[in-house]
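This report concerns only the one structure given below.
Each residue takes its place number in the sequence, starting with 1. Whatever order the structure lists ligands and atoms in, that order sets their numbers, starting from 1.
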Amino acid sequence: MSNNVLNTLKNIIQDVNEASGLDQALSIIVQRTRQAMKADAVAAYFLDNKTNQLVLMASDGYNQDAIGKIRFNLDQGLVGLVFNQTEPVNIENARTHPNYRFVTETGEIIFHGFLGVPIIQHRHALGVLVVRQTQQRRFSENDETFLVTLAAQLAGAITHAEKMGDLNRLLHDSNATSFSLKGIGGSPGIAIGEALVIYPPASLSAVPDNAISSEEIEPQIKAFNEAVDNVEREFRELAERMAGSIPDEELALFDVLCLMLRSETLVDVVIERIRAGQWAQGALRETINDHVKQFNAMDDAYLRERAADIKDLGQRVLTYLQSQKNNKKAISTPVVLVGEEINVSQFSEVPLKYLAGIISTRGSASSHVAILSNALGIPSVMGVDDLPVSKIKGQQIIVDGHGGEIHVKPSKTVLDEFDRLLKEEKLLNSELEALIDQPSETLDGIHIPLYANTGLLEDITPSLKSGAEGVGLYRTEIPFLIRDGFPGEEEQARIYQQVLQRFSPRPVTFRTLDIGGDKALPYFPIAEENPFLGWRGIRIMLDHPEIFLTQIRAILKSNRFDNNLRLMLPMISDTGEVDEAIELIQQAHEELSSQDINVPYPVIGIMIEVPSAAYQIAALSKRVDFFSIGSNDLTQYLLAVDRNNKQVAGLYSSLHPSVLQCIQQIIGAAHKNNKPVSVCGEMAGNPASALALVGMGIDSLSMSVGNLLRVKRVIRSFTQKQACDLLTQAMQMEKASDIRALFKDAIEQAGLNLYVRQ
Ligand code: PEP
Ligand code: MG
């Protein structure tokens, strides 16, 4: 395709993406396609699900009265043919084709040339895009590829525009209610609350517009003034530090910057914009942009260069604005955090007791934010990519973590229904509470200890209350994620010690820092093309022994009093990594001894979450004391399905026959080498997959506490023999969906249907 054609395509798609609703999107498509293809008419037909007909929704070149009137049954006309074949149809003279059906509503114009292509999204045909010519015209191969490429990219933009239209109507019409969007269930449960929108720290040019209410004006002005004060202070300190080491005229630049910062054209204009209803960050962006444009337009090269200074000033003020955690105090009712990519540090912006639910436009069920919401028992929905985050601030929202759906501004009927479900859920939870002190034992008396996955100090109490027999996975990266810099040895030791003490005498498994992949520390950025196959977990730690040794010393030291520590290494893909890590652990242990800090040498285990490690269990058994299967990553790496990518989320399943076979062989090999093996990925907390693991002879399971009692209930309802028999049947099956259905049915037949609602 030539550059020109590519540009045309890009421009059309961009404009469609920005359309405010379906009508606008479709009219852009038909007009611009007609121009680009020099055609006499372009028409867009969409499937009407109620009548199962293809309906003309927009056209450029047909009589406009025909819109909504021309309808084809799916087996009718060339339009039906394109739809059914899901392939382009290109005919010089449509009237000679046996499928041709003449429709008069087009305006009595006789067309000959016909090119139709299907509009397909995620394997489903949504409609047909048709280009017509009055003359006989066989469209060229280039025309055909242009239209196919356009249609392939339009499907997503069209559904997006449709959602925007519905949402705009909802927000502008005070009587309109209920707008639902599908995502992926991140953590089960139902939450109802007001949307609190979180914006990620962005560069100045990427700051979105955000309208504020009149009560927010003064706090926003205050925040802006404080940010300006901070930047000024920063400049004065820098100037002081540099005095003597740089020439005076360079030093004077700091005064110039301070003057610019305090100038009326900056401060007053920003404040004016805030008073007009724009939030401080947006007002700053607009004002800085105006200044930059003015400087760029100047003839004098020196002044033009000042554009860069003013941009830098703006970015510095923005950094202070973004670091102000100004939401914390104001919240006193349940909120639903909504953001493009919610991260762990943003959790701390809301007091946990008011954090009702979480919605993220990115990510999927095994993303870390989903796991964390699970750990905290907060319902969440991930991957709601059609949600225009900035528009729903303050709206009432229902988060349905079971169905992976959200409802904005729900109608009374919808709200009543979810209220009822919420009550039912509470009842179920109170029934489950009776199991807290009951053993996690199969009906034939096999004890399967259930441990908690945690990582926040806040969720220790729920973990303790759930009856967990210890912590099977403490994700140590979480305390690192919610700070502004690496925590020091003493600070880490204090946190770890609290966890060990509170669980004592129960064991606590600390996993060493597992960053990289989708877990980036704000103060240790890693930019990679392919982060899940890159610098992650133990790989980073071995490359940075100073960080690893500090953590190991802190962990070992914290075990001084209770001696209930187990140490676990993530992302092991090679025996060499284990050897090197153990050497460092020994070094840390010796360093402590030399300081007269005498602590026991730890029990060491590794996570099996990379296929290469799964097939080296015998060699690894010589080096470590236990294994824990990280099924989240193991599934991602075995199936080549990114755990965060909604597009392929349908392919991600820990009950895939290959995943089950791999886990079965890990368990077999570990037992042959007399090593215990646990599962600490999300599949351990899912009743159906937990039952499969029991059938495989797993020694223990570690999960988000929200799931613990449900899993205990299921374990207590089956014999291990039954679980084994089910597994034998499952291993004959060829599809994850069949395996899931098998275990789900068995659980339902045991009278536990509410436990497998997900
Ligand atoms: C896993 O991969 O299954 C696991 C428990 O680790 P994480 O989810 O933190 O990557
Ligand atoms: Mg993992």
Does [X] come within less than 4.0 angstrom of ligand 1, counting non-hydrogen atoms of the residue?
{"X": "E682", "value": "no"}
{"X": "M683", "value": "no"}
{"X": "M703", "value": "no"}

Ligand-residue contact atoms, ligand 1 with [X], heavy atoms, under 4.0 Å:
{"X": "M607", "answer": "4 (C), 5 (C), 6 (O)"}
{"X": "K519", "answer": "9 (O)"}
{"X": "G630", "answer": "1 (C), 2 (O), 3 (O)"}
{"X": "R643", "answer": "2 (O), 7 (P), 8 (O), 10 (O)"}
{"X": "R536", "answer": "10 (O)"}
{"X": "L473", "answer": "5 (C)"}

Classify the side-chain pair [X]/[Y] by whether it contains a donor and acceptor separated by less than 3.5 Å.
{"X": "Q551", "Y": "T476", "value": "yes"}
{"X": "N453", "Y": "S704", "value": "no"}
{"X": "T635", "Y": "S654", "value": "yes"}

In the protein, which heavy atom is nearest to atom 6 (O) of ligand 1, and how far is it?
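Sorting protein heavy atoms by distance from atom 6 (O) of ligand 1 puts R511 NH1, 2.9 Å first.
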So which heavy atom in the protein is nearest atom 7 (P) of ligand 1, and how far is it from that ligand atom?
H368 NE2, 3.3 Å
Side chain, backbone, both or neither: which applies to Q636 and ligand 1 if a contact is any heavy-atom pair less than 4.0 Å apart?
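Answer for Q636: neither.
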With heavy atoms only and a cut-off of under 4.0 Å, state how L634 meets ligand 1: side chain, backbone, both or neither.
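L634 to ligand 1: no contact under 4.0 Å from either part.
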Using residues 465-472 as the side-chain source, report each donor-acceptor pair under 3.5 Å to any protein atom, sequence neighbours left out, with the distance given to one decimal.
{"unit_1": "S466", "atom_1": "OG", "unit_2": "S463", "atom_2": "O", "d": "2.6"}
{"unit_1": "S466", "atom_1": "OG", "unit_2": "A468", "atom_2": "N", "d": "3.3"}
{"unit_1": "E469", "atom_1": "OE1", "unit_2": "H447", "atom_2": "NE2", "d": "3.3"}
{"unit_1": "E469", "atom_1": "OE2", "unit_2": "H447", "atom_2": "NE2", "d": "3.0"}

Using the six-membered ring of F510, assess whether NZ or CZ of R566 lies under 6.0 Å from its centre and within 45 degrees of the ring axis.
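Ring-cation test returns no.
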If you measure every N or O of E477 against every N or O of ligand 1, does any of those distances drop under 3.5 Å?
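No: no nitrogen or oxygen of E477 is under 3.5 Å from one in ligand 1.
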Contact check, side chains of Y474 and Y451, non-hydrogen atoms, under 4.5 Å
no
Using a strict threshold of under 4.0 Å (side-chain N to carboxylate O), is an ion pair present between D514 and K519?
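Yes, K519 and D514 are salt-bridged.
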State whether D633 and R536 are salt-bridged, where the test is any N-O pair (Lys NZ or Arg NE/NH1/NH2 against Asp/Glu carboxylate O) under 4.0 Å.
yes
Between L513 and P570 the two heavy atoms that sit nearest each other are O-CG, 4.1 Å
Could you check whether any side-chain N or O of S380 sits under 3.5 Å from a backbone N or O of S187, counting only pairs where one atom can act as donor and the other as acceptor?
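Yes; judged by distance alone, with no hydrogens or angles, the pair exists.
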Donor-acceptor pair, E577 side chain versus I538 backbone, under 3.5 Å?
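No; zero donor-acceptor contacts below 3.5 Å.
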With sequence neighbours left out, what residues match L533 under side-chain contact (heavy atoms from CB on, under 4.5 Å)?
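side-chain contact (heavy atoms from CB on, under 4.5 Å) list for L533, sorted by chain: N530, Y637.
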Using salt bridge (Lys or Arg N to Asp or Glu O under 4.0 Å) as the criterion, list what pairs up with E546, not counting sequence neighbours.
none
Protein N/O/S atoms closer than 2.8 Å to the Mg ion (ligand 2) number 2
